[in-house]
Amino acid sequence: ICCRGFFMAVIFLNYILIALGNSLPKYSFFNKRRSEIFRVSGMKVGAQSEIVGPISVRPDCTKSVIIGDRVFINSEVRFGVSEKEVVIGNDVLIGPRVSFETASHSLKFNPVKGRRDTYLTGITVLDGAWIGAGALILPGVTVGEGAVVAAGSVVVKDIPAKTVFGGVPARFIKNIN
């Protein structure tokens, strides 16, 4: 019971820290403070990274969000993580309303359990990538180094390095020289 009580206290503290970070104004000075507050909650946020906020992350899963150095995260980004990590490399740009989802469910309906079978797979965004506004990155995806994901795209498979992908589902558009 003691360990469970401590764990619940940590979750409650993380909830307060995330709410505090999300309540700061959207200015450069506060964006840097926001990153510091999220670090205290257990998120790994690299040097000189800015989070405009607010962001969405479960207070019991902050350690599953790993953000590299010099990353820019715009407002209303969702980290739908549980036990699997979202790893963001260095020098990455993430537009507003991007959603990283590490969980999925079975397509097959079970009359007893419904669709409650959950499948968890991490997401990786490599150095120098740019993810446009409103993109949805689904479980198991790796976005390659220097790749661009167009705004509003739904990414269901890996994106190779130095390419542009866009659409629903995201498809190859062109190489980046």
Side-chain angles (χ1 to χ4, degrees), residues 14-103 120-166 170 173 176:
N14 287 350
Y15 179 83
I16 290 172
L17 289 167
I18 292 165
L20 174 63
N22 284 339
S23 69
L24 293 174
K26 297 178 185 178
Y27 297 104
S28 183
F29 172 80
F30 294 109
N31 295 345
K32 291 176 184 7
R33 302 299 83 77
R34 186 177 290 108
S35 294
E36 292 169 6
I37 291 169
F38 290 149
R39 273 188 206 103
V40 175
S41 79
M43 289 175 60
K44 295 170 188 82
V45 181
Q48 300 173 358
S49 290
E50 273 191 64
I51 301 172
V52 174
I55 64 167
S56 174
V57 62
R58 284 180 29 189
D60 60 333
C61 297
T62 55
K63 291 182 193 249
S64 297
V65 178
I66 301 167
I67 299 167
D69 297 335
R70 299 170 306 281
V71 172
F72 180 83
I73 298 176
N74 214 315
S75 61
E76 299 177 43
V77 171
R78 174 179 154 78
F79 294 96
V81 297
S82 50
E83 299 162 9
K84 298 297 179 177
E85 296 177 336
V86 172
V87 178
I88 312 248
N90 300 319
D91 304 301
V92 172
L93 299 175
I94 299 174
R97 297 175 313 285
V98 170
S99 185
F100 298 94
E101 302 297 332
T102 63
L120 305 170
T121 314
I123 295 169
T124 304
V125 179
L126 297 177
D127 296 351
W130 173 20
I131 301 176
L136 172 59
I137 314 297
L138 293 177
V141 165
T142 296
V143 177
E145 186 172 338
V148 175
V149 175
S153 298
V154 176
V155 182
V156 298
K157 62 181 182 178
D158 291 351
I159 307 286
K162 297 184 180 172
T163 58
V164 177
F165 270 63
I173 295 174
I176 301 170

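Note that CG of N14 and OG1 of T62 are 4.0 Å apart. Values are rounded to the nearest 0.5 Å. Rounding to the nearest 0.5 Å gives a distance of 7.0 Å between CD1 of I18 and CD1 of I55. Once rounded to the nearest 0.5 Å, the distance linking CD1 of I137 with OG1 of T124 reads 11.5 Å. To the nearest 0.5 Å, the span separating OG on S23 from CD1 on I16 amounts to 11.5 Å. Here the straight-line distance linking atom CG of L136 with atom CD1 of I131 works out to 10.5 Å at 0.5 Å rounding.
Residues L120 and S82 approach most closely at CD2-OG, 3.2 Å, considering heavy atoms.
Residues in residues 45-72 take part in no ring-ring contact (aromatic ring centres under 6.0 Å, His included) pair, two or more places apart or across chains. Pairs passing the ring-ring contact (aromatic ring centres under 6.0 Å, His included) check and including a residue from residues 47-69, sequence neighbours excluded, do not occur.
Legend: residues meeting side-chain hydrogen bond (donor to acceptor under 3.5 Å, both in side chains) with K32, ordered by chain and number and at least two apart, are E50. Applying the salt bridge (Lys or Arg N to Asp or Glu O under 4.0 Å) test to K162 and every residue at least two apart in sequence or in another chain returns nothing. With sequence neighbours excluded, the residues satisfying ring-ring contact (aromatic ring centres under 6.0 Å, His included) with F79 are F100. Partners of D127 under the salt bridge (Lys or Arg N to Asp or Glu O under 4.0 Å) rule, at least two apart in sequence or in another chain, do not exist in this structure. Take P139 and apply the side-chain contact (heavy atoms from CB on, under 4.5 Å) test, not counting sequence neighbours, and it matches S104, T121. Every residue two or more places apart in sequence or in another chain was checked for a salt bridge (Lys or Arg N to Asp or Glu O under 4.0 Å) with E83, and none qualifies. With sequence neighbours excluded, the residues satisfying side-chain contact (heavy atoms from CB on, under 4.5 Å) with F29 are R33.
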Donor-acceptor pairs under 3.5 Å, side chain of residues 145-161 to any protein atom, not counting sequence neighbours: which ones?
{"from": "S153", "atom 1": "OG", "to": "A150", "atom 2": "O", "distance (Å)": "2.8"}
{"from": "S153", "atom 1": "OG", "to": "G167", "atom 2": "N", "distance (Å)": "3.1"}
{"from": "D158", "atom 1": "OD1", "to": "T142", "atom 2": "N", "distance (Å)": "2.9"}

Report, one line per pair, each donor and acceptor closer than 3.5 Å where one atom sits in a side chain of residues 37-47; sequence neighbours left out.
{"from": "R39", "atom 1": "NE", "to": "V45", "atom 2": "O", "distance (Å)": "2.7"}
{"from": "R39", "atom 1": "NH2", "to": "V45", "atom 2": "O", "distance (Å)": "3.2"}
{"from": "R39", "atom 1": "NH2", "to": "G46", "atom 2": "O", "distance (Å)": "3.0"}
{"from": "S41", "atom 1": "OG", "to": "F38", "atom 2": "O", "distance (Å)": "2.6"}
{"from": "K44", "atom 1": "NZ", "to": "K63", "atom 2": "O", "distance (Å)": "3.4"}

Side-chain donor-acceptor pairs of residues 85-99 under 3.5 Å, sequence neighbours excluded:
{"from": "N90", "atom 1": "OD1", "to": "D69", "atom 2": "N", "distance (Å)": "2.7"}
{"from": "D91", "atom 1": "OD1", "to": "R70", "atom 2": "NE", "distance (Å)": "2.7"}
{"from": "D91", "atom 1": "OD2", "to": "R70", "atom 2": "NH2", "distance (Å)": "3.1"}
{"from": "S99", "atom 1": "OG", "to": "E101", "atom 2": "OE2", "distance (Å)": "2.4"}

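Taking 4.5 Å as the limit, every side-chain heavy atom of R34 sits out of range of all side-chain heavy atoms of S49. Looking at heavy atoms from C-beta onward, I67 lies in side-chain contact with I51 at the 4.5 angstrom threshold.
Within a 6.0 Å radius of CD in E36, other residues, nucleotides and ligands contribute more than 12 heavy atoms.
Between the side chain of S75 and the backbone N or O of V52, no donor-acceptor pair lies under 3.5 Å.
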